[in-house]
Amino acid sequence: MPASDPKGFHSILEILDRFLSKPLPEQWGKWKLDRDRRAIYYDGPHEYWFSLGQMNSSAEVLDWIVHLHEEKWATPEDIGNLVAALDDIFDLQNNLCGCGIEHRFNAKEHIARLFPSPSESPGVN
């Protein structure tokens, strides 16, 4: 989908996408979203967090999932909730790995659109 025009105009597809998309949850089990830091963190007996802007490929997403699976404290439920969180945030099959094909993806741009900082939000007239 084309990016918004610098003057603040949006395509009809962007507008429809915003109105039709489901609201993003704030929590998946013990995983919580930190919109301000553009990060996800584990709110359990072990502190763990990572920036969402560093997941630019299906390999990077899989690397995080496997890395956390190898942690002794992460339960199968924690891993499943992490996958659900990443799918809700990134729409994995559409943006990273649909049809088993690696797609080019810029996580920082995606996250900036999903969680605009106050200085990036369009003004209301």
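When reading the values below, keep in mind they use all heavy atoms of this one structure, side chains included, and skip hydrogens, waters and symmetry mates.
- Closest heavy-atom contact between Leu82 and Leu68: CD2-CD1, 3.3 Å.
- Not a single side chain to side chain donor-acceptor pair (under 3.5 Å) links Glu70 to another residue, sequence neighbours left out.
- The environment of CD in Gln27 is crowded: more than 12 heavy-atom neighbours from other residues, nucleotides or ligands sit within 6.0 Å.
- Side-chain contact check for Phe90 versus Leu114: every heavy-atom pair is 4.5 Å or farther apart.
- Annotation: side chain of Arg104 is not in contact with side chain of Asn95 (no heavy-atom distance under 4.5 Å).
- With rounding to the nearest 0.5 Å, the separation of OG in Ser57 from CG in Asn106 is 12.0 Å.
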Open item on the list: Does Trp64 form a side chain to side chain contact (heavy atoms under 4.5 Å, CB included) with Gln54? I'd like the steps, not just the answer.
Closed with: CA-CA 10 Å; Trp64 276 107; Gln54 60 191 1; 2.9 Å; yes
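- The salt bridge (Lys or Arg N to Asp or Glu O under 4.0 Å) check on Asp91 picks up nothing, with sequence neighbours excluded.
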Solution key, residues 42-52 side-chain donor-acceptor pairs under 3.5 Å, sequence neighbours excluded:
residue, atom, partner, partner atom, Å
Tyr42, OH, Asp78, OD2, 2.9
Asp43, OD2, Lys32, NZ, 2.7
Tyr48, OH, His67, NE2, 2.8
Ser51, OG, Gly53, N, 3.3

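- By the side chain to side chain donor-acceptor pair (under 3.5 Å) test, Glu102 is found to be paired with Ser58, residues two or more places apart in sequence or in another chain being considered.
- Residues forming a salt bridge (Lys or Arg N to Asp or Glu O under 4.0 Å) with Glu77 (at least two apart in sequence, or on another chain): none.
- The structure places CG of Asp87 at 4.5 Å from CG of Leu92, a figure rounded to the nearest 0.5 Å.
- Using a 4.5 Å heavy-atom threshold, the side chains of Arg38 and Lys108 count as separate.
- Contact record, Met55 with Leu86: SD-CD2, 3.8 Å, taken as the closest heavy-atom pair.
- You'll find the side chain of Val61 stays beyond 4.5 Å of the side chain of Val83, heavy atoms only.
- For Asp34, the side chain to side chain contact (heavy atoms under 4.5 Å, CB included) partners are Asp36, Arg37, Tyr41, not counting sequence neighbours.
- For the salt bridge (Lys or Arg N to Asp or Glu O under 4.0 Å) test, residues two or more places apart in sequence or in another chain that qualify with Asp88 are Lys22.
- The backbone N or O of Asn56 lies less than 3.5 Å from no partner atom in the side chain of His110, so there is not a single donor-acceptor pair.
- Atom-to-atom distance recorded for Asn81:CG and Trp31:CH2 is 9.5 Å, nearest 0.5 angstrom.
- Not one N or O on the side chain of His103 forms a donor-acceptor pair closer than 3.5 Å with the backbone of Asn94.
- Remark: Leu62 pairs with Val66 by the side chain to side chain contact (heavy atoms under 4.5 Å, CB included) rule, at least two apart or across chains.
- For Glu71, the side chain to side chain donor-acceptor pair (under 3.5 Å) test picks out Trp73, with sequence neighbours left out.
- Residues near Ile101 contribute nothing to a hydrophobic cluster around it, because no ILVMFWY side-chain heavy atom sits closer than 4.5 Å to its side chain.
- Applying the salt bridge (Lys or Arg N to Asp or Glu O under 4.0 Å) test to residues at least two apart or on different chains, none of the pairs has a partner in residues 48-62.
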